[in-house]
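These numbers come from a predicted model, not from an experiment. As the structure lists them, so they are numbered: ligands from 1, and atoms in each ligand from 1.
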Amino acid sequence: MMILIKLGGSVITDKTRYRTFNSGIVSRLCREIKESGKEVMIVHGAGSFGHVLAKEHDINSGFKEETQIPAVARICYDVRELNSMVVSELISAGIPSVSVPTGSCFVMDNRDLIFENDEPVRRFRDLGIVPVLFGDVVTDRSLGFAICSGDQIMERLADLFDPEMVVFVSDIDGLYDKNPKTERDAVLYDEVDSRVLKEVSTKYDVDDVTGGVRAKMESMLRMCSGSRCCVLVNGNAEGRLLKLLRGERIVCTTAKGGIS
Ligand code: IP8
């Protein structure tokens with residue numbers, strides 16, 4: 001059975017500084033994945049290799065003006081460079097892996113990712129080579145182009161490949177009722193289900209997701225089915241990902257039971 005992991009942009013890059021790769025952290029996380037001995041599939045976020053220019057040029061609104069075109073090309077280049085660095089760390093850790101650039105393999109329609117041909121991803125996996133997808137600018141049948149986030153890719157891969165567990169590696173310990181970076185009395189949710197979701201009204205940004213804690217919870221719950229749980233874990237805390245993959249108890253937020 002396979003575990004689907006997203007390495008969030010906030011942990012693999014410094015989100016405040018354009019194109020800053022956290023190589024030490026990525027290298028350690030790759031070693032933790034290797035040491036767990038688990039079969040994995042990996043997605044990563046864009047962090048400061050994608051979000052800085054995407055915001056500046058309003059890329060997620062789709063094609064509006066010619067000045068966006070060089071920016072799209074630049075972002076595609078930057079996120080592919082980031083992806084090469086992640087794949088390089090995985091290979092160095094002893095995990096044979098391969099880049100599957102989302103925008104070069106798939107298209108979107110009105111921001112829905114169309115994943116018609118999953119054959120290369122399946123075949124690499126069957127060969128024992130880990131496909132690594134990432135948040136990217138993707139051509140869009142209706143909008144010209146749009147942003148495909150790593151979270152969207154995670155949802156599609158969870159549907160297609162039925163992982164035993166879904167893991168989001170971020171720079172926070174889990175989901176809180178308030179923003180833990182600014183509010184000292186923020187309380188961590190150990191477990192979330194659709195009942196907790198109904199009670200959550202607080203809005204703050206989690207990781208690189210702009211929809212706030214509620215949207216993140218919803219997306220995590222959508223990825224749970226049957227016994228599959230979806231876990232948000234802090235990748236800056238050394239050894240935590242390894243422990244989680246080994247089935248040990250750690251500080252994190254676990255979503256269970258799906259959305260009812
Ligand atoms: O970092 C966004 O992906 P994410 C991709 O997973 C771009 O949200 C190009 C900004």
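Between His44 and Phe134, the two ring planes are parallel [angle under 30°; tilted spans 30° to 60°].
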Derivation of the side chain to side chain contact (heavy atoms under 4.5 Å, CB included) call for Ile25 and Arg28: CA-CA 5 Å; Ile25 294 175; Arg28 173 179 52 73; 4.0 Å; yes

What do the steps show when you test Leu175 against Met220 for side chain to side chain contact (heavy atoms under 4.5 Å, CB included), and what is the final call? CA-CA 11 Å; Leu175 291 177; Met220 285 175 69; 4.1 Å; yes

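Backbone and side-chain nitrogen or oxygen atoms of Gly135 are examined, and none is located within less than 3.5 angstrom of a nitrogen or oxygen of ligand 1. For Ala54, no nitrogen or oxygen atom sits less than 3.5 Å from a nitrogen or oxygen atom of ligand 1, counting backbone and side chain alike.
Defined by atom type and a distance below 3.5 Å, a donor-acceptor pair is missing between the side-chain atoms of Asn236 and Asp171.
For Ala46 against His51, the heavy-atom pair with the smallest separation is CB-CD2, 4.2 Å.
For ligand 1, the atoms lying closer than 4.0 Å to a non-hydrogen atom of Ala46 are 1 (O), 2 (C), 4 (P), 5 (C), 7 (C). Every atom of ligand 1 is numbered from 1 in the order shown, and the set under 4.0 Å from a heavy atom of Gly150 is 3 (O), 4 (P), 6 (O). Counting the atoms of ligand 1 from 1 in the order shown, those under 4.0 Å from a heavy atom of Gly50 are 10 (C).
Within a 6.0 Å sphere centred on CZ of Phe21, heavy atoms belonging to other residues, nucleotides or ligands number more than 12.
Nearest-heavy-atom check against atom 2 (C) of ligand 1 across Lys6, Met154, His51, Lys55 picks out His51. Nearest to atom 9 (C) of ligand 1 by heavy atom, out of Ile153, Asp136, Val52, is Asp136.
No heavy atom of Gly9 sits closer than 4.0 Å to any atom of ligand 1.
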